[in-house]
Amino acid sequence: MEKKIKEFWQVFCQKRGINPQCHVEVYAFGMDARQADDLATLVNQGIKTATTSAYDMYAPEERFPQVGDYNIILDGQDQPVCVTRTVVTETVAYANISAEHAYHEGEGDRSLTYWKAVHEEFFQEEYAQAGQVFDPQTARCYCEVFEKIE
């Protein structure tokens, strides 16, 4: 963990009485710095309270996010913005993502139509980078709901 992020985590844990050795994920949302900045801002404002990843892109040995996990959300310059905690996880077929989940993702007009347009493009690129083809009819998503802690 980079020094500035580690210090951010240490201060958070000290204020909250949390063991700094507990599991924490550190990441930025999106595919580029602009998206990371925009999405980190939405999380920090409490608007974005959910996220979705491509279930099939997880490596066999890779750990899936779990309820109770802490997450340090980074901006586009890899600077810590806030800490969230995962409260719900579920695997859902891409075709069955709900309007409620799309709303909680907090992006655009928060509609399912907007969510699908943005995420289909995102998943197509992610799958292509892995040498695979994204199929909206068969793809599975790993959905998380989180709360901003600080």
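- Taking the six-membered ring where the residue is Trp, Phe134 and Tyr94 present perpendicular rings, their angle passing 60° and hence far from 30°.
- In this structure, Trp115 contributes its side chain and Glu107 its backbone to no donor-acceptor pair below 3.5 Å.
- Here the side chain of Lys148 pairs a donor or acceptor atom with the backbone of Asn44 at under 3.5 angstrom.
- Side-chain heavy atoms closer than 4.5 Å link hydrophobic residues (I, L, V, M, F, W, Y) into clusters, and following such links, possibly through other members, connects Leu42 to Tyr27.
- Atoms OH and OG, from Tyr58 and Ser53 in turn, are 3.0 Å apart once rounded to the nearest 0.5 Å.
- A donor-acceptor contact shorter than 3.5 Å links the side chain of Arg16 to the backbone of Ile149.
- In this structure, the side chain of Lys48 engages the main chain of Ala50 through a donor-acceptor pair within 3.5 Å.
- With rounding to the nearest 0.5 Å, the separation of CZ in Phe64 from OG1 in Thr91 is 6.5 Å.
- With hydrophobic clusters built from ILVMFWY side chains whose heavy atoms lie under 4.5 angstrom apart, Met57 does not share a cluster with Tyr142.
- Here the shortest heavy-atom pairing between Ala102 and Ser111 reads CB-O, 3.8 Å.
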TODO: Give the intermediate values and the outcome of side chain to side chain contact (heavy atoms under 4.5 Å, CB included) for residues His23 and Arg63.
DONE: CA-CA 11 Å; His23 184 81; Arg63 181 183 184 277; 3.0 Å; yes

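- A donor-acceptor pair is defined here as one N or O able to donate and one able to accept, closer than 3.5 Å; no such pair exists between the side chain of Glu126 and the backbone of Phe122.
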Open item on the list: Between Val43 and Phe29, does the side chain to side chain contact (heavy atoms under 4.5 Å, CB included) criterion hold? Intermediate values first, please.
Closed with: CA-CA 10 Å; Val43 173; Phe29 291 107; 3.6 Å; yes

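- In this structure, Phe123 and Tyr127 have perpendicular ring planes: the angle between them is above 60°, well past the 30° mark.
- Heavy atoms from other residues, nucleotides or ligands lying under 6.0 Å from OH of Tyr103 number 12 at most.
- Note that CD of Glu144 is 14.5 Å distant from NE2 of His104, once rounded to the nearest 0.5 Å.
- Smallest separation of non-hydrogen atoms from Cys13 and Pro20: SG-CA, 3.6 Å.
- Not a single donor-acceptor pair under 3.5 Å links the side chain of Asp69 to the backbone N or O of Thr86.
- The one candidate from Thr52, Thr51, Asn96 that meets the side chain to side chain donor-acceptor pair (under 3.5 Å) condition with His101 is Thr52.
- The minimum heavy-atom distance linking Cys141 with Ile97 is given by the pair CB-CD1, 4.1 Å.
- Here the closest heavy-atom approach between residue Tyr70 and residue Cys22 is recorded as CD1-SG, 3.9 Å.
- A continuous path of ILVMFWY side-chain contacts below 4.5 Å connects Val24 to Leu74, so both sit in one hydrophobic cluster.
- Within 6.0 Å of atom CD in Gln14, 12 or fewer heavy atoms from other residues, nucleotides or ligands are found, so the atom counts as exposed in its surroundings.
- Rounding to the nearest 0.5 angstrom, the gap separating the OG1 atom in Thr89 from the CZ atom in Phe146 is 13.5 Å.
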Open item on the list: Pair Thr49, Val87 - check side chain to side chain contact (heavy atoms under 4.5 Å, CB included), show working.
Closed with: CA-CA 10 Å; Thr49 59; Val87 294; over 6 Å; no

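- When the shell of 6.0 Å around CD of Glu100 is examined, it contains 12 or fewer heavy atoms from other residues, nucleotides or ligands.
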TODO: Could you walk me through whether Trp9 and Val26 pass side chain to side chain contact (heavy atoms under 4.5 Å, CB included), step by step?
DONE: CA-CA 10 Å; Trp9 177 242; Val26 179; over 6 Å; no

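- Of the inter-residue distances, the one linking Asp37 atom CG with Gln35 atom CD reads 10.5 Å to the nearest 0.5 angstrom.
- For the atom pair CG (Leu39) and CE (Met31), the distance works out to 12.5 Å, reported to the nearest 0.5 Å.
- A distance-only check finds a donor-acceptor pair linking the side chain of Arg85 to the backbone of Gly68 [under 3.5 Å].
- Pro80 pairs with exactly one of Val11, Ile73, Ile72 by the side-chain contact (heavy atoms from CB on, under 4.5 Å) rule, that one being Ile72.
- In Glu147, the CD atom is crowded: over 12 heavy atoms of neighbouring residues, nucleotides or ligands sit closer than 6.0 Å.
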Task: Step-by-step salt bridge (Lys or Arg N to Asp or Glu O under 4.0 Å) determination, Arg110 to Glu105 - done: CA-CA 7 Å; Arg110 302 178 85 171; Glu105 286 237 9; over 6 Å; no

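- Under the ring pair (Phe, Tyr, Trp, His ring centres under 6.0 Å) criterion, Tyr114 pairs with no residue, sequence neighbours left out.
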